[in-house]
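Worksheet: the structure to be examined is printed underneath.
Numbers here are sequence positions counted from 1.
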Amino acid sequence: MAGGLGVTETAAAKIAEIREAEAIEGSYALRVKVMGGGCSGFQYDLYFDEPAEGDQSFTSNGVHLVCDQMSFMYLMGTQIDYVEGLQGAGFKFGNPNTTGSCGCGSSFSV
């Protein structure tokens with residue numbers, strides 16, 4: 001989905017697992033947000049939330065994603081994956097808009 005937000009099949013499966021384990025209401029979407037902070041200036045935030053007026057809305061691999069207008073300026077074209085490895089597991093953001101990130105990978109700059 002060029003220009004939008006997407007999740008890989010692996011991330012979609014993990015999101016469904018979390019939704020079920022935490023009994024999240026079906027009407028809630030996964031909110032993808034950018035917040036100020038972190039070593040490089042911005043950091044990502046993911047949480048289940050009710051869609052709000054003015055949100056950008058996307059569906060990818062069965063996951064309903066929402067994003068506020070300000071965050072979407074920094075997230076256009078981002079693909080979210082879920083990875084597991086020796087150094088832990090978590091969601092990984094493939095954001096084509098970043099110009100750098102910190103060593104821990106939890107923040108980015110544009």
Side-chain angles (χ1 to χ4, degrees):
M1 166 185 315
L5 293 176
V7 295
T8 64
E9 288 182 25
T10 305
K14 189 63 175 181
I15 292 164
E17 180 183 319
I18 293 168
R19 180 184 288 277
E20 184 176 332
E22 296 185 11
I24 305 294
E25 288 185 40
S27 63
Y28 279 37
L30 184 66
R31 182 165 299 279
V32 185
K33 189 170 185 171
V34 171
M35 302 182 332
C39 318
S40 296
F42 296 102
Q43 56 191 16
Y44 300 107
D45 195 15
L46 287 175
Y47 56 96
F48 291 100
D49 192 19
E50 291 186 58
E53 188 174 328
D55 280 344
Q56 295 287 324
S57 181
F58 307 93
T59 300
S60 177
N61 284 314
V63 177
H64 183 199
L65 304 158
V66 292
C67 183
D68 65 78
Q69 292 282 63
M70 190 282 300
S71 293
F72 187 63
M73 292 183 340
Y74 299 105
L75 294 170
M76 282 188 275
T78 296
Q79 182 80 0
I80 302 168
D81 195 7
Y82 185 80
V83 295
E84 295 182 12
L86 294 175
Q87 296 186 17
F91 290 98
K92 181 179 178 182
F93 293 78
N95 186 340
N97 306 300
T98 62
T99 58
S101 63
C102 66
C104 65
S106 65
S107 69
F108 67 98
S109 58
V110 290

Candidate pair C67 and L5, rule side-chain contact (heavy atoms from CB on, under 4.5 Å), full reasoning: CA-CA 9 Å; C67 183; L5 293 176; 3.8 Å; yes

With sequence neighbours left out, what residues match [X] under side-chain hydrogen bond (donor to acceptor under 3.5 Å, both in side chains)?
X: D45; answer: none
X: T10; answer: none
X: D68; answer: S71

Heavy-atom pair of closest approach, residues N61 and A12: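 Shortest heavy-atom separation between N61 and A12 comes out as O-CB, 3.5 Å.
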
Contact summary for P96 and G77, nearest pair of heavy atoms: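 In this case the closest contact between P96 and G77 is CD-O, 3.6 Å.
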
L75 side chain reached by N95 side chain, heavy atoms, under 4.5 Å: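 Of all side-chain heavy-atom pairs linking L75 with N95, at least one is under 4.5 Å.
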
Sub-6.0 Å ring centroid separation between Y47 and Y28: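 Not close enough - the centres of the two rings lie 6.0 Å or further apart.
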
CG-CZ distance between N97 and F42, expressed to the nearest 0.5 angstrom: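 Rounded to the nearest 0.5 Å, the CG-CZ separation comes out at 11.5 Å.
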
Distance, nearest 0.5 Å, that separates OG of S57 from NE2 of H64: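 One gets 2.5 Å once the value is rounded to the nearest 0.5 Å.
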
ring-ring contact (aromatic ring centres under 6.0 Å, His included) partners for F48, two or more places apart: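 For F48 there are no ring-ring contact (aromatic ring centres under 6.0 Å, His included) partners, ignoring immediate neighbours.
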
Pairs flagged by side-chain hydrogen bond (donor to acceptor under 3.5 Å, both in side chains) wherever residues 15-24 is involved - sequence neighbours left out: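 Passing the test, one end in residues 15-24: K14-E17.
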
Main chain of [Y], side chain of [X]: is a donor-acceptor contact present, judged purely on distance under 3.5 Å?
X: S60; Y: V7; result: yes
X: D49; Y: L30; result: no
X: T8; Y: A11; result: yes

Parallel, tilted or perpendicular: rings of Y44 and F93 (30°, 60°):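 Judged by the thresholds at 30° and 60°, the geometry between F93 and Y44 is parallel.
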
Pairs involving residues 51-64, ordered by first then second residue, that meet salt bridge (Lys or Arg N to Asp or Glu O under 4.0 Å) (sequence neighbours left out):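 Non-adjacent pairs meeting salt bridge (Lys or Arg N to Asp or Glu O under 4.0 Å): R31-D55.
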
Verify same cluster id: I18, I24 (apolar side-chain graph, 4.5 Å):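 Same hydrophobic cluster.
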
Residues L46, I80; criterion side-chain contact (heavy atoms from CB on, under 4.5 Å); working and verdict: CA-CA 10 Å; L46 287 175; I80 302 168; 4.2 Å; yes

